[in-house]
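Accompanying notes for the structure given below.
Throughout, protein chains are lettered first and strands after them, A, B, ... in sequence-line order, and every chain is numbered starting at 1. Just so it is clear, the structure is predicted and the values come from calculations on it, not from any experiment.
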Number of protein chains: 2
Amino acid sequence: MILRSGAALIGRYLKDCRKVFSSPSYSISSNFASMESKHVQNGNALSLASLPKEQLTSFMQDIDAVMFDCDGVLWLGMDPLENAQALVIKLRSMGKKVFFMTNNSTRTQEEFLEKFNKLGFEASVDEIVGTAFLAALYLKECGFKDKVYVIGSEGITKELAKVGIDSLPIGPDAVDPTSLRWNPQDYNIDLDPSVGAVIVGFDHHISYTKILKAASYLNNDKCLFVATNTDEQFPARGLSSIVCPGTGTFVNAVKTAAGREPVVMGKPEPFPFEYVQRKHNLQPNRVLMVGDRGNTDILFGRECGLWTLLVMSGVTDINSMRRWETSQDPAEKMCVPDYYSQDVNEFYKLLQN
Amino acid sequence: MILRSGAALIGRYLKDCRKVFSSPSYSISSNFASMESKHVQNGNALSLASLPKEQLTSFMQDIDAVMFDCDGVLWLGMDPLENAQALVIKLRSMGKKVFFMTNNSTRTQEEFLEKFNKLGFEASVDEIVGTAFLAALYLKECGFKDKVYVIGSEGITKELAKVGIDSLPIGPDAVDPTSLRWNPQDYNIDLDPSVGAVIVGFDHHISYTKILKAASYLNNDKCLFVATNTDEQFPARGLSSIVCPGTGTFVNAVKTAAGREPVVMGKPEPFPFEYVQRKHNLQPNRVLMVGDRGNTDILFGRECGLWTLLVMSGVTDINSMRRWETSQDPAEKMCVPDYYSQDVNEFYKLLQN
């Protein structure tokens, strides 16, 4: 299954843009076959806390780099989780490289760094991988020279500007609020003929007009279609009754209207790993991915041939994980991690012992 | 495939609402097995114009009722197609019942009738089946007594009011247009505890807040989830560069955020036929469905065991139909009609001869 999905992915990328990331993709997919048997023994996740000390030590000796998802793992909203900063420092002191892989598309790399510093995490821009950055990088490496129509926020338009790519203005663009009936003839919908790509990220100003414009640009087969990520929803901290729609909501809306599939930058797609791997020459089987979501972080880690650790401080709970362990659905089985732990605090304390 | 999907459908309806439409569903699905072999000979559509006269006469003698999709079949926007009204009159003079099955959710039955009359079609409310009407009927037959949160327009809220069901106000409900970043804590999002169902129809005021509220209501497993239809897009007449997102766009957005599947009222789901069948005791194999879309009208007809005629005056063109004929994908094969014709004018002239 892994090999098939890897091959499909490469095919899709090649179709859109032949040269981008293709060589690392091939190297990842060729690693998959040898990786598969090593990971997730008998389809069950192991409790990190129940590992014999020497086994944990030996495992950590074979790890060169640790990749963290952020929200739900290192912090909740603007509140760092206990010993999250200390864990990062500890890992660095053990000689491990540390990376932060976030599907969030609303900030530039520099804005993420600001948030890291504000929350007391030592980091460099080089260690952070956001999906606004990846989307801009993707178009740059495609040799893209046209304009971009963005459903999203300034995180995306600023990253595009950094690589010299123009985009149309973002922000509210709704149908006349007094109109009772939709009639396209009532609107002067100007499509800019210089638009050659649509990027869909998180946009709380999503509107009918925006989806219409995206679908209309994408009606031209040559227009590239990039999604930052496909996260379905995120919890509103402290507002347990509220479900906040994630970027996947807008991506599926545009996909439906356009009748096309996007190239997706974020986890579980392999782009974030491929980017880091290229720069730091990492071996997938010497990398540990730590995340709180089975269907993004853990699936991502497994698709890329990484070791995976699921922490229970965010979205996925232990009941879901146990259900996936015994599931007959191959897609659910792929969300089972190698290891699980209560939170990064537990991981930190195990390393301290 | 037909039987399986029929059974799945009934299972889903029963889960949501045990008594609604269940008996007609069973009778349809039990008809399927005997229907299947008669229709779409060798997987190829036949040209209606190339049928020998006596074969067309004999076919029409075996038909008790003709069901028309409207836009793209009888009219384009507000322009009736040639001899569309005459065809309806001709069919009535031949003793056929005539029905109009539209997936449009923006009008009440009475408003549709007004449009029919304005465009010169003789019709009665009893012959028109719109999806706002069906959604209200569905909840009424569920014995639903709570309030409805509607993503949609007055067509839906008025039909709900007609059956005594309350709904929350519709219309624009967007995020503060000056806000640069989404933070749920900044908004006073009031969820009404008396809401027991969400209906998603066509809504050109779609917004982040609306999708959030729908997903939050649907976070309660007991909240019913009804979609009027899943049409992906519709062409903007006279504006060939514009793709207008259809209701399926909003339905998929809410599905994604809510992680749930709706009960769908419109074609290709069988509700519109089941409603008419109950009232008029029709035999599926004595009904002809005429439509312009393979994946709604024709699929609907075939799933219900009706005869099907695809006209080329709307969405589906002959190239798509030819592709489906030779497709290996069972879903595409199900969009191939029994017969095809240029338009209703050709059908009319064949009946005149």
Side-chain angles (χ1 to χ4, degrees), chain A residues 77 106-107 153-154 171-185 187 189 191 193 202-209 211-220 230 232-246 248-259, chain B residues 77 106-107 153-154 171-185 187 189 191 193 202-209 211-220 230 232-246 248-259:
Chain A
T106 65
R107 294 175 199 261
S153 64
E154 281 195 337
D173 180 13
V175 167
D176 171 8
T178 65
S179 82
L180 291 177
R181 189 169 283 283
W182 168 251
N183 183 358
Q185 277 78 15
Y187 291 85
I189 294 163
L191 295 182
F202 184 81
D203 190 341
H204 59 299
H205 297 301
I206 190 74
S207 69
Y208 189 76
T209 321
I211 303 170
L212 178 151
K213 287 181 181 171
S216 299
Y217 286 123
L218 290 168
N219 205 22
N220 177 349
T230 55
E232 296 89 355
Q233 48 171 249
F234 55 93
R237 307 288 174 210
L239 297 170
S240 60
S241 62
I242 298 291
V243 173
C244 290
T249 303
F250 320 134
V251 172
N252 280 346
V254 174
K255 268 170 67 171
T256 304
Chain B
T106 65
R107 294 175 200 261
S153 63
E154 281 194 338
D173 180 13
V175 168
D176 171 10
T178 65
S179 82
L180 291 176
R181 189 169 285 284
W182 168 250
N183 183 358
Q185 277 78 16
Y187 291 84
I189 295 163
L191 296 182
F202 184 80
D203 190 342
H204 60 299
H205 297 301
I206 189 75
S207 70
Y208 189 76
T209 321
I211 303 170
L212 179 151
K213 287 180 180 171
S216 300
Y217 286 122
L218 291 168
N219 204 22
N220 178 349
T230 56
E232 296 89 356
Q233 47 170 250
F234 55 92
R237 307 290 174 208
L239 297 170
S240 61
S241 62
I242 298 292
V243 173
C244 290
T249 303
F250 320 134
V251 172
N252 280 346
V254 174
K255 268 170 68 173
T256 304

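For A:Phe234, the part lying near chain B is the side chain, with the backbone staying farther off; criterion is any non-hydrogen pair under 4.5 Å. A:Leu218 does not touch chain B: none of its heavy atoms, backbone or side chain, sits under 4.5 Å away. Only the side chain of B:Leu191 comes within contact range of chain A, judged by heavy atoms closer than 4.5 Å. With a 4.5 angstrom heavy-atom cutoff, A:Asn220 does not touch chain B via any of its atoms. Looking at B:Phe250, the atoms closer than 4.5 Å to chain A (heavy atoms on both sides) all sit in the side chain, from C-beta outward. Of the two parts of A:Glu154, neither the backbone nor the side chain holds a non-hydrogen atom closer than 4.5 Å to a non-hydrogen atom of chain B. Heavy atoms closer than 4.5 Å to chain B are found in both the backbone and the side chain of A:Ala215.
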B:Ile206 and A:Ile206: side-chain contact (heavy atoms from CB on, under 4.5 Å), yes or no, with the steps?
CA-CA 8 Å; B:Ile206 189 75; A:Ile206 190 74; over 6 Å; no
Please assess B:Val175 against B:Trp182 for the test side-chain contact (heavy atoms from CB on, under 4.5 Å), listing each intermediate value before the final yes or no.
CA-CA 9 Å; B:Val175 168; B:Trp182 168 250; 3.9 Å; yes
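Although no hydrogens or angles enter the test, the distance criterion places no donor-acceptor pair under 3.5 Å between the side chain of A:Thr256 and the main chain of B:Glu232.
Side-chain atoms of A:Asp173 and A:His205, non-hydrogen and from C-beta on, never get closer than 4.5 Å to each other.
Ring planes of A:Tyr208 and B:Phe202: perpendicular class, angle over 60° (limits at 30 and 60°).
Note: B:Cys244 leads B:Gly246, B:Cys244, B:Ser207 in heavy-atom pairs under 4.5 Å with chain A. Ranked by non-hydrogen atom pairs under 4.5 Å with chain A, the options B:Gly248, B:Pro172, B:Pro177 are led by B:Pro177. Among B:Ala258, B:Ala214, B:Ser179, the residue making the largest number of heavy-atom pairs under 4.5 Å with chain A is B:Ser179. Considering only heavy-atom pairs separated by less than 4.5 Å from chain B, the leading option among A:Gly171, A:Gly259, A:Pro184 is A:Pro184. The candidate from A:Ile242, A:Ile211, A:Asn252, A:Asn219 with the greatest count of non-hydrogen atom pairs under 4.5 Å with chain B is A:Ile242. Chosen from A:Gln185, A:His204, A:Lys213, the residue pairing most often with chain B at heavy-atom distances under 4.5 Å is A:His204. Comparing B:Ser216, B:Ser153, B:Pro245 by heavy-atom pairs within less than 4.5 Å of chain A, the highest count is held by B:Pro245.
Between the side chains of A:Thr106 and B:Arg181, at least one donor-acceptor pair of N or O atoms lies under 3.5 Å.
Applying the 6.0 Å contact sphere to CG of A:Leu180 captures no more than 12 heavy atoms from other residues, nucleotides or ligands.
Atom NZ of B:Lys255 is separated from atom OG1 of A:Thr249 by 12.5 Å, given to the nearest 0.5 angstrom.
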